[in-house]
Amino acid sequence: MTSPNDTKSNLSVVILTYNRSDALFAVLYGLTHQNIKPQEVIITDDGSTVHHRLAIKLHLAEHDWPFKIKYIWHPDIGFTAARARNQGVINSSGDYIILLDGDCVPKEDFILQHLFLKRPGCFINGSRVLLNENLTKKVIEKPGTIGLSSSYWLMQKITGQANKWIPTVMRIPHQCRRGSAVFHWKGIRSCNFSLWREDFDKVNGFDEMFVGWGHEDADFVWRLHQAGCRRINGFWATEVLHLWHKEASRDRESANAKRLQERMSDPDAGYVAKKGIREAAYDDCEIVYSN
């Protein structure tokens, strides 16, 4: 079990972004104000427009960062989150990886809590606090809002601007957590997730056969379980503030769900992605910024 003296892992944070540079800046603000900072941050872009791409490049160049940072972009070929996350991890150097979405703002102890919870052969499934459109605008304009008092967050819950408030200010001790070897659907969140790089490589990363919104994360978790990894829920410890956005198109959800069900019902499917980091080519990947 991790102790405070064992939180200096060679850690990479991989952030997935797409056409939300303002939200990404709030996420980066949260990472720069961590009480334990990562060694590197990889921003992996699933095809943002020139406007957002340039805005991110300029923002990165104009600031001094307390960690190494690399921004990677590939052309827009549709919703390819699995490919983008693989691309980000491949370009990372850490032996422990935190996956984070570019609209999920971490509180100051986010990394510390993930490191407290990490154990060999386990992955951490984090949680989120959903913000409405109005509070999202406030957080983007003033990211320091995430550090406000418990009374502030209680009011956001009462007024319907956040879906919960207690996990923003209270933590269940990491000593109480137990890893589960049983796969279950509830609460799978690749937008807030951490695991050892060797386990990511073992299952061949995310399966890039999943294109469009939905179920690439459930498939990833299913294969980790099949590979012998255990799930530790990071609820009431690793919560991020999930910024409001319009729902993505879900026209591929049924096809992705069918693909996942076929894999889960096939006793010979194994745990290795059919099209993962060992099969995919990333020739169109461009490193836009690196410090």
Side-chain angles (χ1 to χ4, degrees), residues 10-34 36-107 110-111 114 126 128 136 139-140 143 146 189-195 197 200 205-206 208 216-217 238 240-243 245 248 277 280 282-291:
N10 181 17
L11 169 70
S12 299
V13 177
V14 176
I15 309 173
L16 175 66
T17 188
Y18 176 70
N19 283 343
R20 293 201 73 190
S21 52
D22 55 352
L24 176 65
F25 300 157
V27 174
L28 291 173
Y29 177 95
L31 290 175
T32 61
H33 289 77
Q34 294 293 297
I36 288 188
K37 295 175 177 58
Q39 279 63 52
E40 71 174 0
V41 171
I42 308 295
I43 302 168
T44 180
D45 193 326
D46 195 21
S48 292
T49 64
V50 171
H51 168 77
H52 288 281
R53 183 181 172 191
L54 290 177
I56 295 169
K57 182 179 181 180
L58 288 173
H59 184 82
L60 297 178
E62 289 172 352
H63 291 75
D64 293 324
W65 301 97
F67 37 68
K68 293 181 180 179
I69 191 164
K70 185 185 294 184
Y71 172 37
I72 305 159
W73 174 92
H74 68 225
D76 190 353
I77 53 173
F79 188 105
T80 54
R83 183 179 191 269
R85 288 195 180 98
N86 283 349
Q87 175 180 276
V89 174
I90 283 175
N91 279 275
S92 70
S93 61
D95 57 23
Y96 197 74
I97 307 293
I98 295 180
L99 301 175
L100 188 62
D101 274 6
D103 57 6
C104 292
V105 182
K107 290 182 70 69
F110 170 77
I111 288 177
H114 269 278
R128 59 188 184 173
T136 290
V139 172
I140 287 174
I146 64 175
R189 297 275 182 259
S190 56
C191 64
N192 177 1
F193 195 96
S194 68
L195 75 167
R197 173 64 183 267
F200 186 93
F206 285 87
E208 299 180 23
E216 80 287 342
D217 45 8
T238 64
V240 293
L241 305 182
H242 186 242
L243 304 179
H245 59 80
I277 55 176
Y282 303 98
D283 307 6
D284 55 354
C285 166
E286 178 184 343
I287 298 177
V288 179
Y289 175 89
S290 180
N291 63 3

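Quick caveat, the model's predicted, so the values are computed rather than measured.
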*Please confirm whether the backbone N or O of S93 pairs with a side-chain atom of N10, one donor and one acceptor, at under 3.5 Å?*
yes
*Any donor and acceptor pair, going by atom type alone, linking the side chain of R197 with main-chain N or O of V89 inside 3.5 Å?*
yes
*Heavy-atom distance under 4.5 Å between the side chains of L60 and I43, does that happen here?*
yes
*List for me each residue that meets side-chain contact (heavy atoms from CB on, under 4.5 Å) alongside I90, sequence neighbours excluded, and say none if there are none.*
I277, Y282
*Of all heavy-atom pairs between R85 and L16, which one has the smallest distance, and what is that distance?*
NH2-CD2, 3.5 Å
*asked:* As an exercise, state the distance from CZ of F110 to CG of L241, rounded to the nearest 0.5 Å.
replied: 11.0 Å
*Can you find a heavy atom in the side chain of H52 that is under 4.5 Å from one in the side chain of L24?*
no
*So H59 and S21, side chain to side chain contact (heavy atoms under 4.5 Å, CB included) or not? Walk me through it.*
CA-CA 9 Å; H59 184 82; S21 52; over 6 Å; no
*Any chance you could measure D103, atom CG, to L243, atom CG, to the nearest 0.5 Å?*
6.0 Å
_From L100 atom CG to C191 atom SG, the distance as rounded to the nearest 0.5 Å_ = 7.5 Å
_Has E62 got a side-chain atom pairing as donor or acceptor with K57's backbone, closer than 3.5 angstrom?_
no
_If I take atom CD1 from residue I56 and atom CG from residue D22, how far apart are they, to the nearest 0.5 angstrom?_
9.5 Å
*Who passes side-chain contact (heavy atoms from CB on, under 4.5 Å) against N291, sequence neighbours left out?*
W65, K68, I69, Y289
*Are H33 and I146 side-chain neighbours, meaning at least one heavy-atom pair lies under 4.5 Å?*
no
*Out of curiosity, T44 OG1 to W73 CH2, how far, rounded to the nearest 0.5 Å?*
12.0 Å
*asked:* I'd like to check I97 versus S92 (side-chain heavy atoms, cut-off strictly below 4.5 Å). Are they in contact?
replied: yes
*May I ask you to decide if A82's main-chain N or O and E216's side chain share a donor-acceptor pair within less than 3.5 Å?*
no
*Please work out which of the three classes, parallel, tilted or perpendicular, describes the rings of H242 and H245, given edges at 30° and 60°.*
perpendicular
*asked:* Test side chain to side chain contact (heavy atoms under 4.5 Å, CB included) on I15 and L28; report intermediate values, then the result.
replied: CA-CA 9 Å; I15 309 173; L28 291 173; 4.0 Å; yes
*Can you tell me if S48 uses its side chain to pair, donor with acceptor, with the backbone of R53 under 3.5 Å?*
no
*asked:* For a quick test of reading the model, state the closest non-hydrogen atom pair linking N91 to K70 and the distance between them.
replied: O-NZ, 3.4 Å
*Identify the heavy atoms of T238 and N192 that sit nearest to each other, and give their distance.*
O-ND2, 2.9 Å
*Is there side-chain contact between T32 and F67, with heavy atoms separated by less than 4.5 Å?*
yes
*Under 3.5 Å side-chain donor-acceptor pair for H51 and N19*: no
*Nearest heavy atoms of F200 and N86, plus distance in Å*: CZ-OD1, 3.3 Å
_Applying salt bridge (charged side-chain N to carboxylate O under 4.0 Å, His left out), can you list everything that pairs with R128, at least two apart in sequence or on another chain?_
none
*Is the side chain of Q87 donor-acceptor paired with the backbone N or O of C285 at a distance under 3.5 Å, no angle test?*
no
*Under 3.5 Å donor-acceptor, H74 side chain and D284 backbone*: no
_Min side-chain heavy-atom separation I140-F25 under 4.5 Å_ = no
_Minimal non-hydrogen separation, Y18 against G47, with atom names_ = CE1-O, 3.5 Å
*Measure the OG1-CG distance between T49 and D76 for me, rounded to the nearest 0.5 Å.*
9.0 Å
*Which atom pair, heavy atoms only, marks the closest approach of S194 to H114?*
OG-ND1, 2.8 Å
*Do P38 and I111 have side-chain heavy atoms sitting under 4.5 Å apart?*
yes
*Show the numbers, then the answer: is there a side chain to side chain contact (heavy atoms under 4.5 Å, CB included) between R189 and L99?*
CA-CA 10 Å; R189 297 275 182 259; L99 301 175; over 6 Å; no
